[in-house]
Amino acid sequence: METALTSPFSLLKKAWSLAISRQNIVSYLILGAIPQLLFFAFSALIAYISPDLFTNSGGWAIVGFVFVGLIGLAIISLVSAWYTALLYKVYEATAAGTLEKLTAYVRPAKGVTVRLLVTYMTVGLFTSLGFLLLIVPGIIIAVRYMFAPVIAVVEAKTTKPLDESKRLVKGRFWKLALRSILIVGCYNIPLSVLQAIHPLFGTVWSVTSPVFGLYFFLVYMDFKRTAVVTT
């Protein structure tokens with residue numbers, strides 16, 4: 001069985017090639033624009049209701065603000081998990097060359113949203129506990145379970161995301177860490193620079209985020225393809 005991993009630069013090039021292809025580019029532009037539109041809508045909503053919450057000072061105003069904040073946090077968490085699940089479903093179809101209209105993945109993404117959210121919460125808890133132990137354990141845990149969210153969405157429900165991620169990463173920790181750092185260098189750093197120049201530039205660049213998500217999905221597929229089967 002072939003166990004040699006593909007060059008991360010080759011996977012990044014492949015991700016860009018797939019995303020900007022004629023049959024896929026519109027879908028990826030829409031996916032990249034969705035978070036920005038939701039952010040602007042949420043900001044406008046907060047700006048609209050905040051003055052009303054503090055019109056009357058006192059305990060009830062504070063209670064109302066906290067209650068609305070908790071409800072908003074719950075909604076944001078669910079929407080974010082659903083959007084991430086939608087992305088992974090689209091990435092899976094893109095890699096297979098069978099991408100359809102985005103509406104075809106709305107229901108499948110909804111079906112795994114809770115599973116993905118639980119996986120995120122579990123990984124987040126373990127990672128936070130690891131960071132409390134002098135940081136290094138947190139980094140190890142974060143890399144070890146990096147594939148868990150993807151697995152929660154695209155693999156069968158009988159597959160345990162954390163266990164499977166640990167299996168795929170075993171013995172290849174630094175290879176995955178370096179492939180993840182590539183995203184920081186190619187996406188996050190340019191984003192920070194462009195935002196410093198003008199927020200609009202950063203917003204435009206952030207539309208490309210699904211391309212780098214596709215790259216990470218291809219990394220996952222590469223690790224899965226080259227994993228040593230244990231019996």
Side-chain angles (χ1 to χ4, degrees), residues 5 8 11-12 15 31 34-35 38-39 69-70 72-92 94-95 105 108-188 191 206 209-228 230:
L5 290 166
L11 293 179
L12 183 58
L31 288 172
I34 286 176
L38 290 177
F39 173 77
L70 291 175
L73 180 62
I75 293 174
I76 290 173
S77 298
L78 284 172
V79 171
S80 297
W82 169 81
Y83 172 72
T84 303
L86 177 67
L87 285 174
Y88 286 141
K89 290 293 185 181
V90 170
Y91 297 154
E92 183 180 25
T94 302
Y105 307 101
K110 181 181 177 181
V112 293
T113 294
V114 174
R115 186 179 190 222
L116 175 61
L117 187 58
V118 171
T119 301
Y120 268 129
M121 293 173 63
T122 305
V123 174
L125 176 61
F126 288 163
T127 304
S128 298
L129 292 175
F131 275 112
L132 291 176
L133 300 174
L134 302 178
I135 300 178
V136 174
I139 297 175
I140 295 174
I141 292 171
V143 175
R144 179 181 295 171
Y145 297 135
M146 194 172 289
F147 290 139
V150 185
I151 295 168
V153 173
V154 303
E155 300 296 342
K157 291 186 177 181
T158 55
T159 303
K160 297 180 179 179
L162 272 67
D163 291 344
E164 179 65 5
S165 179
K166 182 180 178 180
R167 183 184 75 85
L168 296 181
V169 179
K170 185 177 181 180
R172 302 187 287 183
F173 176 92
W174 288 110
K175 291 181 179 180
L176 178 55
L178 292 174
R179 282 160 173 75
S180 302
I181 292 174
L182 182 60
I183 298 178
V184 176
C186 294
Y187 175 74
N188 295 90
L191 178 62
S206 65
S209 62
V211 181
F212 295 92
L214 176 59
Y215 156 74
F216 181 74
F217 183 83
L218 294 177
V219 170
Y220 161 70
M221 294 297 294
D222 196 38
F223 270 67
K224 180 181 178 181
R225 175 184 63 84
T226 58
V228 176
T230 57

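What you find for P210 and Y83 is that their closest heavy atoms are CG-OH, 4.4 Å. Annotation for V211 and A15: closest pair O-CB, 3.7 Å, computed over non-hydrogen atoms. The minimum heavy-atom distance linking L218 with A95 is given by the pair CD2-CB, 4.1 Å. Scanning all heavy atoms of the two residues, the minimum distance from L168 to A227 falls at CD2-CB, 3.6 Å. Heavy atoms only, all atoms of each residue included: F217 and V154 are closest at CE1-CG1, 3.9 Å. Listed here is the closest heavy atom pair of A85 and L116: N-CD2, 3.6 Å.
Under the 3.5 Å distance criterion, the side-chain polar atoms of T127 are matched with a main-chain donor or acceptor of V123. A donor-acceptor pair under 3.5 Å links the side-chain atoms of S209 to the main chain of S206, judged by distance alone. Without hydrogens or angle criteria, R144 side chain to K166 main chain gives no donor-acceptor distance under 3.5 Å. Not one N or O on the side chain of R167 forms a donor-acceptor pair closer than 3.5 Å with the backbone of D163.
Residue Y120 places its OH atom among more than 12 non-hydrogen atoms of other residues, nucleotides or ligands, all under 6.0 Å distant. For L133, the CG atom sits in a packed shell: over 12 heavy atoms of surrounding residues, nucleotides or ligands are nearer than 6.0 Å.
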Intermediate values then yes/no, side chain to side chain contact (heavy atoms under 4.5 Å, CB included), L176 and M146: CA-CA 9 Å; L176 178 55; M146 194 172 289; 4.1 Å; yes
Steps toward side chain to side chain contact (heavy atoms under 4.5 Å, CB included) verdict (V219, F223): CA-CA 6 Å; V219 170; F223 270 67; 3.8 Å; yes
Worked check of salt bridge (Lys or Arg N to Asp or Glu O under 4.0 Å) between D222 and R225: CA-CA 5 Å; D222 196 38; R225 175 184 63 84; 2.5 Å; yes
Trace of the side chain to side chain contact (heavy atoms under 4.5 Å, CB included) decision for Y91 with V150: CA-CA 10 Å; Y91 297 154; V150 185; over 6 Å; no
V90/L87 under side chain to side chain contact (heavy atoms under 4.5 Å, CB included): CA gap, chis, key distance, verdict: CA-CA 5 Å; V90 170; L87 285 174; 5.7 Å; no
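Interatomic distance, L214 CG to M221 CE, rounded to the nearest 0.5 Å: 11.0 Å. With rounding to the nearest 0.5 angstrom, the NZ atom of K89 is 14.5 Å from the NZ atom of K110. From R179, atom CZ reaches atom CG of L5 across 5.0 Å, with rounding to the nearest 0.5 Å. Expressed to the nearest 0.5 Å, how far OH of Y215 lies from CG of L12 amounts to 6.5 Å. How far CG of L78 is from CD1 of I75: 8.0 Å, rounded to the nearest 0.5 Å.
Of the listed residues (Y145, Y88, Y220), just one forms a side chain to side chain contact (heavy atoms under 4.5 Å, CB included) with I151, and that residue is Y220.
Aromatic pair F147/F216: ring centres closer than 6.0 Å.
Counting only heavy atoms from C-beta outward, the side chains of I76 and V79 never approach each other to under 4.5 Å. Counting only heavy atoms from C-beta outward, the side chains of V136 and F131 never approach each other to under 4.5 Å.
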